[in-house]
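Positions are given from 1, in the same order as the sequence printed here. The shown structure was predicted, so the numbers you read here are calculated from the model rather than taken from an experiment.
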Amino acid sequence: MISKKNFAKVSATFGAVALGVSATATAANADTIYTVQSGDTLSGISYKFAKDNSMVNDLAKKNNIQDINKIYVGQKLIIKSDGEIQEYNAQNAANANVANNNTQATQQQAAQAQSQASQSYTSNASGSEAAAKAWIAARESGGNYGATNGQYIGKYQLSASYLNGDYSAANQERVADQYVASRYGSWQNAQAHWQANGWY
């Protein structure tokens with residue numbers, strides 16, 4: 001006979017196993033074939049897929065890229081949904097095309113949800129951080145969210161790849177804060193870099 005305490009443990013274990021199975025069943029493998037475009041960098045590609053620079057070294061290593069500062073337009077990379085990177089070949093491309101066709105509708109829904117979520121954002125920059133942020137915006141675009149310069153878009157002249165097609169003011173603010181935090185740590189550091197180099 002199973003005591004109530006042991007029954008609770010057994011039930012919890014089966015529940016956890018069932019949840020684990022359902023979680024892995026819903027994590028479909030959505031491989032992506034990425035073709036390098038003009039203006040792309042390994043860090044930009046990494047940011048597109050991982051929202052940070054964590055994939056740069058793997059991109060270079062698994063695709064035999066000797067210099068992480070040199071990639072070529074038209075070069076193809078396979079990036080798995082789990083972040084794994086594979087060299088482009090016919091078999092990987094066929095597998096990725098099937099996954100891409102199956103997930104296209106889901107990606108469109110996610111983009112719509114992201115766009116709706118990006119319509120409201122409040123930056124946490126205040127005081128000298130806000131002043132440094134405003135200084136950079138004034139130098140980059142005159143504070144204009146609609147400014148463009150080649151692949152650079154908006155008030156902070158961010159790469160279009162960082163904005164993922166959402167050029168709303170709220171998304172520009174959010175992405176600018178994320179970019180500066182990950183690259184410089186603060187808007188004041190970004191301003192110091194801009195003053196020393198003429199860009200940030």
**Prompt:** Around D52, counting heavy atoms of other residues, nucleotides and ligands shown, do more than 12 lie under 6.0 Å from its CG?
**Reply:**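 Result for CG/D52: enclosed.
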
So, taking the atom named [atom1] in [X] and the one named [atom2] in [Y], what distance separates them when rounded to the nearest 0.5 Å?
| X | Y | atom1 | atom2 | value |
| --- | --- | --- | --- | --- |
| L158 | Y167 | CG | OH | 10.5 Å |
| S141 | I136 | OG | CD1 | 11.0 Å |
| N57 | L42 | CG | CG | 9.0 Å |
| F49 | S161 | CZ | OG | 10.5 Å |

What are the two closest heavy atoms between [X] and [Y], and how far apart are they?
| X | Y | value |
| --- | --- | --- |
| K133 | D177 | NZ-OD1, 3.0 Å |
| A132 | Q191 | CB-OE1, 3.2 Å |
| A190 | V180 | CB-CG1, 4.0 Å |
| A147 | Q157 | O-NE2, 3.4 Å |
| N144 | G146 | OD1-N, 2.7 Å |
| A160 | I153 | CB-CG1, 3.9 Å |

Taking the side chain as C-beta and beyond, is there a heavy-atom pair between [X] and [Y] under 4.5 Å?
| X | Y | result |
| --- | --- | --- |
| I45 | I71 | yes |
| K48 | N164 | yes |
| W135 | W187 | no |
| Y47 | M55 | no |

**Message:** Testing Y152, W194, W199, Y200 one by one against E140 for a side-chain hydrogen bond (donor to acceptor under 3.5 Å, both in side chains), which residue passes?
**Reply:**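 Single pass found, and it is W194.
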
Can a donor-acceptor pair be found between the side chains of [X] and [Y] at a distance below 3.5 Å?
| X | Y | result |
| --- | --- | --- |
| Q172 | Y121 | no |
| Q188 | S128 | yes |
| S46 | N53 | no |

Main chain of [Y], side chain of [X]: is a donor-acceptor contact present, judged purely on distance under 3.5 Å?
| X | Y | value |
| --- | --- | --- |
| N171 | D166 | yes |
| N197 | H193 | yes |
| Q151 | S159 | no |

**Request:** Let me see the working for K70 and I65 under side chain to side chain contact (heavy atoms under 4.5 Å, CB included), right down to the final yes or no.
**Result:** CA-CA 8 Å; K70 280 188 184 176; I65 298 170; 5.8 Å; no

**Asked** Are Y156 and Y184 grouped together when hydrophobic residues (ILVMFWY) are joined by side-chain heavy atoms under 4.5 angstrom apart?
**Response**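 Same cluster.
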
**Message:** Show, in sequence, the C-alpha distance, side-chain angles and deciding distance for K155 and E173, and conclude whether the side chain to side chain contact (heavy atoms under 4.5 Å, CB included) test is met.
**Reply:** CA-CA 8 Å; K155 185 174 182 178; E173 293 290 337; 3.7 Å; yes

